[in-house]
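All chains are named by letter (A, B, ...) in the order of the sequence lines, taking the proteins before the strands, and each is independently numbered beginning at 1.
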There are 2 protein chains.
Amino acid sequence: MPSRLIVSRELADLLKLLAHPDRLRMIEELRLGEKDVTGIAEALALPATRVSQHLAQLRAQRLVEERRDGRSHFYRLAHPQLAAWIVDALQFVDIRNRLDEGEHIDSVRALWSAQAPNTSH
Amino acid sequence: MPSRLIVSRELADLLKLLAHPDRLRMIEELRLGEKDVTGIAEALALPATRVSQHLAQLRAQRLVEERRDGRSHFYRLAHPQLAAWIVDALQFVDIRNRLDEGEHIDSVRALWSAQAPNTSH
DNA sequence: CCCTAATCTGCAACAATTCGCAGGTTTGCA
DNA sequence: TGCAAACCTGCGAATTGTTGCAGATTAGGG
């Protein structure tokens, strides 16, 4: 009965997929709704190719869903609660000597989930 | 204000640390209380050296705390709620064609958190 | 003091991930 | 049909992660 082993591998694969700064920001970016590749790339100041590669990975494990409209591909979170679950992880990051001195965990949490600083509109 | 970038990197580091089947099982193993290196190694059928290496990583990011008693080093979760948070991630793993057909998410969840099958006592 | 148990650390080989770039596909429009 | 916009995929080089093994450390017991 190696189910336990199997589950630990599945979980590890999921966490590995999430364990990249760009992908985390992308998920956070999709928190409020769908967005197309170019939109994500601009919001996060990343090359569109990289965003596309990340999206392919997220898509492969069904974390995002795609909708095509003309030449644009819109992506949305398959599980909207994923973003909230990720924010919950902040309680486990080691605060000492990380995050510039004086920053409080709650302010960081608020900032992370805050609306992006409107790169364009 | 690159705080957002910094936070995404911190989160990614944390998830990267968790994204290993052995380490996930170790954390689950510590869910109910402290255990020494040999105890963990036996319960999970892993070489003690590997367990020690994993523990060093978890320790470095303060996810586990150490207590020494004689020659044994007992480890415990720094944040007991971490184990529950990890179990929550099961809702995001893609079920199709993973987990042997017919297995239900709830049964997997129960199995994962169930007491280990007593390898020895 | 010496031996052993329990654990830790350093290192090298191997494996996996990341990322840019080149080239391909699909769609809209003239 | 031809062209350009928006995306996707394949590939190779550089980086990063994993793991066993050999050799320290630390502590208990003669």
**Study point:** Flag for A/Tyr75-A/Arg67: side-chain donor and acceptor within less than 3.5 Å
**Key:** no
Please confirm whether the shortest side-chain N or O distance from [X] to OP1 or OP2 of [N] is below 4.0 Å.
X: B/Arg50; N: D/dG20; value: yes
X: A/Arg59; N: D/dT9; value: yes
X: B/Thr49; N: D/dG20; value: no
X: B/Arg23; N: D/dT18; value: yes
X: A/His54; N: C/dT18; value: no

Length of the [atom1]-[atom2] vector between [X] and [N], whole Å:
X: A/Leu46; N: C/dC19; atom1: CG; atom2: P; answer: 9 Å
X: B/Leu55; N: D/dT18; atom1: CG; atom2: C1'; answer: 16 Å
X: A/Arg67; N: C/dT26; atom1: CZ; atom2: P; answer: 20 Å
X: B/Asp36; N: D/dA27; atom1: CG; atom2: P; answer: 16 Å
X: B/Leu58; N: D/dT18; atom1: CG; atom2: P; answer: 11 Å
X: A/Lys16; N: D/dT16; atom1: NZ; atom2: P; answer: 17 Å
X: B/Glu42; N: C/dA6; atom1: CD; atom2: P; answer: 9 Å
X: B/Leu15; N: C/dT18; atom1: CG; atom2: P; answer: 12 Å

Kindly compute the distance separating OG (A/Ser8) from CG (A/Asp13), expressed to the nearest 0.5 Å.
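One gets 9.5 Å once the value is rounded to the nearest 0.5 Å.
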Let me confirm one number: the CG-CG distance from A/Asp22 to A/Leu46, rounded to the nearest 0.5 Å.
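Between A/Asp22 CG and A/Leu46 CG, I get 4.5 Å after rounding to 0.5 Å.
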Over all heavy atoms of both residues, which pair between [X] and [Y] is shortest? Give the atoms and the distance, please.
X: A/Val37; Y: A/Ala48; answer: CG1-O, 4.1 Å
X: A/Leu17; Y: A/Gln61; answer: CD2-CB, 3.6 Å
X: A/Val51; Y: A/Met26; answer: O-CE, 3.7 Å

- Taking for each residue the nucleotide of DNA chain C with the nearest heavy atom, is it A/Ala19 or B/Gly39 whose nucleotide lies nearer the 5' end?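 It is B/Gly39 whose nearest nucleotide is closer to the 5' end.
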Given the options A/Glu29, A/Glu42, A/Glu66, A/Lys35 meets salt bridge (Lys or Arg N to Asp or Glu O under 4.0 Å) only with A/Glu29
May I ask you to verify whether the side chain of A/Gln53 and the base of C/dG20 hold a donor-acceptor pair under 3.5 Å?
yes
hbond_proxy B/Gln57 side chain to D/dG17 base (donor-acceptor, 3.5 Å cutoff):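 Checked by distance alone, the answer is no.
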Task: Nucleotide nearest A/His20 when distance is taken to its side chain, options C/dT18, D/dG28, D/dA6 - done: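 When the side chain of A/His20 is considered, C/dT18 is the closest of C/dT18, D/dG28, D/dA6.
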Per atom distances to the B/Asp22 side chain, the nearest of C/dG28, D/dT19, C/dT4 is D/dT19
Positions of residues 72-79 of chain A (non-hydrogen atom under 4.0 Å from DNA chain C), listed by number |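 Residues of residues 72-79 of chain A that come under 4.0 Å of DNA chain C do not exist, since none gets that close.
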Applied to residues 29-74 of chain A, the ring pair (Phe, Tyr, Trp, His ring centres under 6.0 Å) test, sequence neighbours excluded, yields A/His20-A/His54
